[in-house]
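The structure's right below; bear with me while I get my questions together.
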Amino acid sequence: MKKNSVKKLAIDFIYYIVGSIIYAIAIPMFIAPAHISPGGFTGIALILNFLLQVPTGMTMLILNIPLIIVSLKKFGVHFIARTAVVTVMVSLLLDISEKYIIAFDGDIILCALFGGILIGLGLGIIILRGATTGGVDIIGKFVNSKYPHISIGRVILVGDAVVVAVSALCYRDFSGALYSGVSMFITSVVLDRVLYGADRGKLVYIITDNAKPICDRILNEVSRGVTKLKANGAYTDKEKEILMCAVRRQEVALIHTLVKSADQNAFIVVCEAGEILGTGFKE
């Protein structure tokens with residue numbers, strides 16, 4: 001195995017450990033005491049823990065084992081091996097944390113808020129390095145591969161909704177289902193921020209008759225690449241150049257200043273870029 005591969009694998013495992021610890025702390029500290037369901041196999045394990053007093057982590061692992069074995073051929077050794085490792089980590093750490101973590105006994109909305117934040121953060125750190133915690137995520141991949149018109153996100157949403165509904169019946173606490181929805185929404189927001197937040201940016205289109213000096217100033221003063229697009233104005237029927245530039249949010253104001261100083265009549269369009277890959281952003 002090459003040195004770079006070993007280094008990458010070591011970094012991956014550090015991410016998995018940190019993400020698993022954060023996830024494992026969130027459940028016994030905020031989620032379980034408030035009877036909030038995080039959905040998925042973790043939610044099912046919490047229900048069984050409540051009804052039968054079985055260990056949450058071990059139950060989650062047992063639920064995942066058949067799914068991991070069946071999906072090994074479908075999704076390949078690389079992805080499933082990483083998912084299996086993370087699933088074992090989370091399960092073990094969850095059972096350990098249940099014994100030593102002190103449950104938060106404050107307001108339930110704080111449990112939903114901080115539980116959602118920690119779960120989203122933990123999952124985000126794990127997914128960043130190419131793994132998942134298994135469960136409904138894998139089921140979603142199975143369904144999507146057989147029925148491409150059904151998105152993975154929709155399968156996960158339906159699965160989580162069913163688990164939340166069942167947990168409300170078991171806990172006999174229907175307000176808990178509402179707080180579960182709040183917590184899951186916060187989880188999704190934090191997860192998106194972890195996965196894409198650092199590389200979200202803006203795509204700037206500049207329509208101008210003075211392209212050369214604008215390009216030079218963006219290249220030299222902002223250190224961003226610029227792409228020239230040929231265009232033809234429908235009203236004037238004149239050829240123009242459109243400059244396209246991907247920048248970070250905080251650089252938009254500087255781009256605007258540079259463009260207007262070179263061409264007061266320039267037309268600027270700023271669009272949201274969910275993720276930017278490449279030099280100067282995420283490789």
Decide yes or no for Val164 and Met184: does some side-chain heavy atom of the first lie under 4.5 Å from some side-chain heavy atom of the second?
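They are in contact (side-chain heavy atoms under 4.5 Å apart), so the answer is yes.
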Got a sec: does the NZ of Lys260 have more than 12 other heavy atoms crowding it under 6.0 Å?
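More than 12 within 6.0 Å, yes.
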Rounded distance [0.5 Å steps], CZ in Arg217 versus CG in Leu254
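Here the rounded value is 8.5 Å.
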Heavy atoms, side chains only, cut-off 4.5 Å: are Ile255 and Ile206 in contact?
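Answer yes - side chains close enough.
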Mark yes or no for whether Ser97, through its side chain, and Ala24, through its backbone, hold a donor-acceptor pair below 3.5 Å.
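Yes.
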Does any donor atom in the side chain of Arg82 or Thr132 lie under 3.5 Å from an acceptor atom in the other side chain?
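Not at all, the side chains of Arg82 and Thr132 share no donor-acceptor pair under 3.5 Å.
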Can you tell if the side chain of Glu241 reaches within under 4.5 Å of the side chain of Leu229, non-hydrogen atoms only?
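No; the side chains remain at least 4.5 Å from each other.
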Compare all side-chain heavy atoms of Val269 with those of Val204 and state whether any distance is below 4.5 angstrom.
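When only atoms from C-beta onward are counted, Val204 and Val269 do not touch, as no gap falls below 4.5 Å.
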Is the shortest distance from a Lys or Arg side-chain nitrogen in Lys8 or Asp12 to a carboxylate oxygen in the other one below 4.0 Å?
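Result for this pair is yes, salt bridge flagged.
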After noting the C-alpha distance and the side-chain angles of Cys271 and Tyr205, does the key distance pass the side chain to side chain contact (heavy atoms under 4.5 Å, CB included) rule?
CA-CA 8 Å; Cys271 305; Tyr205 293 95; 4.0 Å; yes
Please tell me whether Val252 and Val226 are part of a single hydrophobic cluster in this structure, the criterion being side-chain heavy atoms less than 4.5 Å apart.
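Yes.
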Of the non-hydrogen atoms in Ala266 and Val259, which two are nearest, and what is the gap between them?
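So the minimum-distance heavy-atom pair works out to CB-CG1, 3.5 Å.
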Does Glu251 reach the main-chain N or O of Val247 with its side chain, forming a donor-acceptor pair under 3.5 Å?
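Side chain of Glu251 to backbone of Val247: no pair is present.
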Ile31 and Ser183, any side-chain heavy atoms less than 4.5 Å apart
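A side-chain contact under 4.5 Å exists here.
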I'd like to check Arg224 versus Arg248 (side-chain heavy atoms, cut-off strictly below 4.5 Å). Are they in contact?
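Yes, side chains in contact.
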If hydrophobic clusters are built by linking Ile, Leu, Val, Met, Phe, Trp and Tyr wherever their side-chain heavy atoms come under 4.5 Å apart, do Leu128 and Ile17 end up in the same one?
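Yes; tracing contacts between hydrophobic side chains, which count when under 4.5 Å, links both residues.
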Could you check whether any side-chain N or O of Asn210 sits under 3.5 Å from a backbone N or O of Ala262, counting only pairs where one atom can act as donor and the other as acceptor?
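Pair found, side chain donor or acceptor close to backbone of Ala262.
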For the OG atom of Ser37 and the CG atom of Leu46, what is their distance to the nearest 0.5 Å?
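Separation between the atoms: 7.0 Å.
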Show the numbers, then the answer: is there a side chain to side chain contact (heavy atoms under 4.5 Å, CB included) between Val189 and Ile186?
CA-CA 5 Å; Val189 171; Ile186 293 169; 5.7 Å; no
How long is the straight-line distance from OG1 of Thr59 back to CZ of Phe41, given to the nearest 0.5 Å?
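Rounded to the nearest 0.5 Å, the CZ-OG1 separation comes to 12.0 Å.
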Ile138 side, atom CD1; Thr133 side, atom OG1 - distance, nearest 0.5 Å:
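Rounded to the nearest 0.5 Å, the CD1-OG1 separation comes out at 8.5 Å.
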Could you tell me whether Leu51 atom CG has more than 12 heavy atoms of other residues or ligands within 6.0 Å of it?
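Atom CG in Leu51 is packed in, count exceeds 12.
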Where the side chain of Asn220 meets the backbone of Asp216, is there a donor-acceptor pair that is under 3.5 Å apart?
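Judged by distance alone, yes, a pair lies under 3.5 Å.
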Under 3.5 Å, side chain of Ser91 to main-chain N/O of Gly57, donor-acceptor pair present?
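Side chain of Ser91 to backbone of Gly57: a pair is present.
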More than 12 heavy atoms from other groups under 6.0 Å of CG on Asp105
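Incorrect, the count does not exceed 12.
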Run Leu178 and Val182 through side chain to side chain contact (heavy atoms under 4.5 Å, CB included) and show every step you take.
CA-CA 6 Å; Leu178 300 179; Val182 172; 5.9 Å; no
Over all atoms of both residues, closest heavy-atom pair of Gly225 and Leu219:
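Closest approach of Gly225 to Leu219, heavy atoms only: CA-CD2, 4.0 Å.
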State, yes or no, whether a side-chain contact exists between Cys245 and Thr227 at a heavy-atom distance under 4.5 Å.
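A side-chain contact under 4.5 Å is absent here.
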Same cluster (ILVMFWY, side-chain, under 4.5 Å), Val54 and Met58
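In one cluster with Val54: Met58, no.
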Taking all non-hydrogen atoms of both residues into account, name the closest pair between Ile119 and Ala26 and its distance.
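Distance-wise, the nearest heavy atoms are CG1-CB, 3.8 Å.
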Heavy-atom side-chain proximity of Ile36 to Phe30 below 4.5 angstrom:
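No, side chains not in contact.
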For Tyr171, give me all partners under ring-ring contact (aromatic ring centres under 6.0 Å, His included), at least two apart in sequence or on another chain.
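With sequence neighbours excluded, Tyr171 shows a ring-ring contact (aromatic ring centres under 6.0 Å, His included) to His35, Phe50, given in chain and number order.
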Where do Met60 and Val90 land on the side chain to side chain contact (heavy atoms under 4.5 Å, CB included) test, with the steps shown first?
CA-CA 9 Å; Met60 193 172 75; Val90 171; 3.3 Å; yes
Please name all residues satisfying side-chain hydrogen bond (donor to acceptor under 3.5 Å, both in side chains) with Asp263, sequence neighbours left out, ordered by chain then number.
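Asp263: side-chain hydrogen bond (donor to acceptor under 3.5 Å, both in side chains) contacts with Thr208.
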I need the minimum non-hydrogen distance between Pro28 and Ala32, along with the two atoms involved.
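Closest approach of Pro28 to Ala32: CA-CB, 4.5 Å.
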Same hydrophobic cluster for Leu9 and Met89, using side-chain heavy-atom links shorter than 4.5 Å among ILVMFWY?
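Leu9 and Met89: one cluster.
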Once rounded to the nearest 0.5 Å, what's the spacing between atom OG of Ser188 and atom CG of Leu123?
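Going from the OG atom of Ser188 to the CG atom of Leu123 covers 11.0 Å.
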Pro38 versus Ile27, closest heavy-atom pair with distance
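Scanning both residues completely, I find the closest heavy atoms to be CG-CD1, 4.3 Å.
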Using side-chain hydrogen bond (donor to acceptor under 3.5 Å, both in side chains) as the criterion, list what pairs up with Thr42, not counting sequence neighbours.
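In terms of side-chain hydrogen bond (donor to acceptor under 3.5 Å, both in side chains), with neighbours along the sequence ignored, Thr42 is linked to Tyr23.
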Tyr15 atom OH, over 12 foreign heavy atoms within 6.0 Å
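No, OH of Tyr15 has 12 or fewer neighbouring heavy atoms, counting only those of other groups under 6.0 Å.
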Same cluster or not: Leu61 versus Val85, using hydrophobic residues (I, L, V, M, F, W, Y) connected whenever any side-chain heavy atoms lie under 4.5 Å apart?
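Different hydrophobic clusters.
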Closest non-hydrogen atom pair between Cys215 and Leu243, with its separation:
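Between these two residues, the closest heavy atoms are SG-CD2, 3.5 Å.
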How many angstroms lie between atom CD1 of Ile108 and atom OG of Ser175, to the nearest 0.5 angstrom?
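Ile108 atom CD1 to Ser175 atom OG measures 5.5 Å (nearest 0.5 Å).
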Keeping Thr83 on the side-chain end and Ile80 on the backbone end, is there a donor-acceptor pair under 3.5 Å?
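Here the side-chain-to-backbone pair does not exist.
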